[in-house]
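What follows is a set of notes on a single structure, which appears directly below.
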Amino acid sequence: MPELPEVETIVRGLAGVLPGRVIREVHFPDSKLATGCLGCAEVLPGRSLAGVQRHGKYIRFLLDDGSSLVAHLRMTGKFVFTGPLAPQNPARHLRMVLVFTDGSLLSFMDMRRFGTIRHVSPGETPPELRDLGPDPLQKEMTLPRFRAILGKSRTAVKVLLLDQRRISGVGNIYACESLFRAGIDPRRPADSLTSDEGARLLRELRGILREAIRHNGTTISDFRSVDDKTGEFQYWLRVYDREGEPCRVCGERIERIRQAQRSTSFCPHCQV
DNA sequence: CTTAACGCCTGAAGGC
DNA sequence: TGCCTTCAGGCGTTAA
């Protein structure tokens, strides 16, 4: 389940290989994705890639005519770049392929077909990007702003961290892990956190996101970077997916509850 | 305005 | 062995 660090890993990989390449053909083996990518088959051939950006968990491919592709990996989406001389392995769950003029490929695979790719016209502001809150690594996310976001909601702090309109980029894994490191019970109403707890939570969020980026992200199920390598951060996780196992700090058993239809793992002793 | 629940999807895992 | 059910979860949509 790609979150900010996994998407950042992907984007850095893509930004290193895509700019300057010219699209020759577009293929959509999956009609559902083709429908969502309205006009892509007609508009993309002949365009070249100008850049790749991350917005929260979204990926934006900038094209030379000022238009762009906005993609979201959701749960199981992946982008894999294949150089012109690489062997062409038949890919499972292939949903889209961009063929470049030099014979290199950008493949989009997505087992569960939640992922989306959309073409955005020049000058159009995509609402899904416009409505995103700042991510914890952006300079706009100052401590006062973070505290203000917490203070405006009575929702459980864990659930608030997942609300992309207020804070972008954080998903289930890093929400659980940052709350553990900050020693905060995920069930606490966001507006009940003291200013010291707010400071701790933002510090831990930033630290864990940077650390995960350094390790090329977390591979829980099947995350892969652009060159099809797994991340390594899963070995650093302290509560996520560790229900029943002893807390690495106090030895208490890690508990798992459900909040807003998602699982939350936490240590009932360390997190108060 | 805010908050909560559902549906989309498919493969893995568990029960019997 | 094999069928059936449950689970995983990001986010758009719908409902309250």
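Below, chains carry the letters A, B, ... as their sequence lines are ordered, and counting in each starts from 1.
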Looking at [X], does any N or O in its side chain come under 4.0 Å of the phosphate oxygens OP1/OP2 on [N]?
X        : N      : result
A:Ser153 : B:dT3  : yes
A:Arg166 : B:dT3  : yes
A:His72  : C:dC11 : yes
A:Lys152 : B:dC1  : no
A:Arg262 : C:dG10 : yes
A:Tyr58  : C:dG12 : yes
A:Arg113 : B:dC8  : no

Backbone of A:Pro246 reached by a side-chain donor or acceptor of A:Arg242 within 3.5 Å: yes
Spacing of [X] atom [atom1] relative to [N] atom [atom2], expressed in whole Å:
X        : N      : atom1 : atom2 : answer
A:Leu129 : C:dG10 : CG    : P     : 18 Å
A:His93  : B:dC9  : NE2   : C1'   : 11 Å
A:Leu150 : B:dT2  : CG    : C1'   : 16 Å
A:Leu162 : B:dA4  : CG    : C1'   : 14 Å
A:Gln261 : C:dC7  : CD    : P     : 12 Å
A:Asn172 : C:dC11 : CG    : C1'   : 13 Å
A:Met111 : C:dC7  : CE    : C1'   : 12 Å
A:Arg154 : B:dT3  : CZ    : C1'   : 9 Å

Sugar-phosphate, base or nothing in reach of A:Arg258, heavy atoms under 4.0 Å: sugar-phosphate
Sugar-phosphate only, base, or nothing, as touched by A:Arg256 at under 4.0 Å among non-hydrogen atoms: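 Answer is sugar-phosphate: A:Arg256 comes under 4.0 Å of backbone atoms only.
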Distance-only polar pair, side chains of A:Ser168 and A:His55, donor-acceptor under 3.5 Å: no
Heavy atoms of other groups near A:Arg92 CZ, more than 12 under 6.0 Å: no
More than 12 heavy atoms of other groups within 6.0 Å of A:Arg24 CZ: yes
Close side-chain approach of A:Leu161 to A:Leu179, heavy-atom, < 4.5 Å: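 Answer yes - side chains close enough.
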A:Phe114 ring over B:dC8 six-membered base ring, under 5.5 Å and 30°: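 Yes, the aromatic ring of A:Phe114 stacks with the base.
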